[in-house]
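Taking it in order: structure first as structure tokens, then the write-up.
Values below: all heavy atoms of this structure, side chains included; hydrogens, waters and symmetry mates excluded. As the structure lists them, so they are numbered: ligands from 1, and atoms in each ligand from 1.
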Amino acid sequence: MTAAPPLRHLDGFTPWPNTVAERYRELGYWRGEPLGAMLARVARQHPGRTALICGKRHISYRYLDERASQLAAGFARLGIAPQDRVIVQLPNIAEFFIACFALFRLGAIPVMALPAHRSAEIGFFAETTGATAYVIADRHGGFDYRTLARDVQAHNPALQHVVVVGDAAEFTDLDALYTEPAAQANVDASQVALMQLSGGSTGTPKLIPRTHDDYLYSVLESARICGFDADTVYLAALPVSHNFPLSSPGTLGTLCVGGTVVLARDPSPETAFPLIATHQVSVTALVPALALLWLQAAPQHAPLASLRMLQVGGARLSVEAARKVRPLLGCQLQQVFGMAEGLVNYTRAGDPEDLVIQTQGCPISPHDEIRVVDDDDIDVPHGETGHLLTRGPYTIRGYYKAAEHNARAFTADGFYRTGDRVRLTPEGYLVVEGRSKDQINRGGEKIAAEEVENHLLSHPQVRNAALVAMPDNWLGEKSCAFIELTGPSETPALRLALQLKTHLQGRGLAAYKIPDHIEFVDALPLTALGKVSKEALRHRLARSA
Ligand SMILES: O=C(O)c1cccc(O)c1O
């Protein structure tokens, strides 16, 4: 016998301090079970049960487990090795799970891109992670991802393999990769399993490394808190790579207890309601904007009799909308306040109606540490509003390869500065009152203001730009860019605004980040310190609304 080599963490990953990690293990939170092994275990328990429903395909646990192993062997043959990063950008189809579990089994690391991402985002992920492969569907939502892959590959020679579900063109056909499984890799559960994406507030997106141990703990505990079991039928309506539908408890939370995941191609009532009826869906998750759409559509449709619970998260749900969930959809509401960096809060079954409607729930774990502080990091009295700081068994200690940013985003003793402003109720539930980070939450899609401003500044006619949130009845917030030009322009404002949007598109920015509204100003208002006053700009928007 040779001794196991000493554990080496991925470069750019910040581990928990050893003593803290030991405590999480002693408590049984970190089980040492990699995500790939979790699937194998559930498949042994429930081989014949349906794991996934994707269109007409019903995929059993046995089949999912086999396909994941076969694809892992195929990925290994391509040369994908443990800890290699692989960008996964797939719609809600079964291959997302087969590919992710294949990578988990190899100890390779899926980077969870969203279908909406374009060359600016994917190029950044490729560059930052040094990914060697990129998994896409040929087309989805009227967009050809192979075109995007060509573009990204041309700029990132390390990205050797593009693996395609569907018509592969010159690339590798995912279906051709299934191979007889070889010996399984030995995956250490304390290693990075996947990378999630931060909504962020900085000039470039941030990547969030999550380990098998911490992610599975959050998923298993979420499943327990939310009452998921083998009879749960979960409808994945939101994009499955997003942290909420992936892990809170989401699709992984369903799969870890032997339930069934129904995949919806899109979250519209027209698509989702028939799926709920046909497959007797018992629970699903939405962002508030979609919940409003469902509430509006419900009276025109047959009752969603099987639906037991609707989870709403990603942005603040209004009290008025929250009150309508039971009368109009006939199910229980659960508020979910979470973040891909870790901390997730749920309202609980059996909570008084008021807590469910008025709060965003309480943390998963008794070992989630919560602080509510003022601008000087001093704790405010219980019940007062302040900045939310947190650390715990599934909250990261650092973004991937971001030492400089990490020094600001975390306290010296490892608390993550969430950028959310909250207060605690007497019961210890959180109420989100706002945020201190420079971000726009557009119906659950987070936009980092600085990122968009940088892209705007690349236009030759733009001297300065400021992106701020604009209240919107439907999405909660939309984005408005205030622009100071380099000089007088001959072009009419409307035409210039369109040119700026086209410019951003041309830079490969995801559509949700393109400003909804553009206003030209002679000079951006400044604070006493000479910084652009976003406060003044927001005021201006409120006045003109
Ligand atoms: O990122 C989020 O908004 C989010 C919301 C609910 C639950 C989660 O896990 C999340 O990451």
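- When only modelled atom types and interatomic distance are considered, D213 and Y29 share no side-chain donor-acceptor pair under 3.5 Å.
- Closest protein heavy atom to atom 3 (O) of ligand 1: K446 NZ, 2.8 Å.
- For the pairing with H387, the side-chain hydrogen bond (donor to acceptor under 3.5 Å, both in side chains) check across D375, D374, D377 returns one residue only, D375.
- Considering backbone and side-chain N/O of S248, one or more are found under 3.5 Å from N/O of ligand 1.
- Counting atoms of ligand 1 from 1 in the listed order, those under 4.0 Å from a heavy atom of V336 are 6 (C), 7 (C).
- Looking at Y429 and D351, their side chains do bring a donor and an acceptor atom within 3.5 Å of each other.
- The atoms of ligand 1 that sit less than 4.0 Å from any heavy atom of V344 are 9 (O).
- Using modelled atom types and a 3.5 Å distance limit, the side chains of E341 and Y416 yield a donor-acceptor pair.
- Residue contact annotation: Q196 has no non-hydrogen atom under 4.0 Å from ligand 1.
- For atom 2 (C) of ligand 1, the nearest non-hydrogen atom of the protein is G338 O, 3.3 Å.
- With rounding to the nearest 0.5 angstrom, the NE2 atom of H117 is 13.0 Å from the CE atom of M112.
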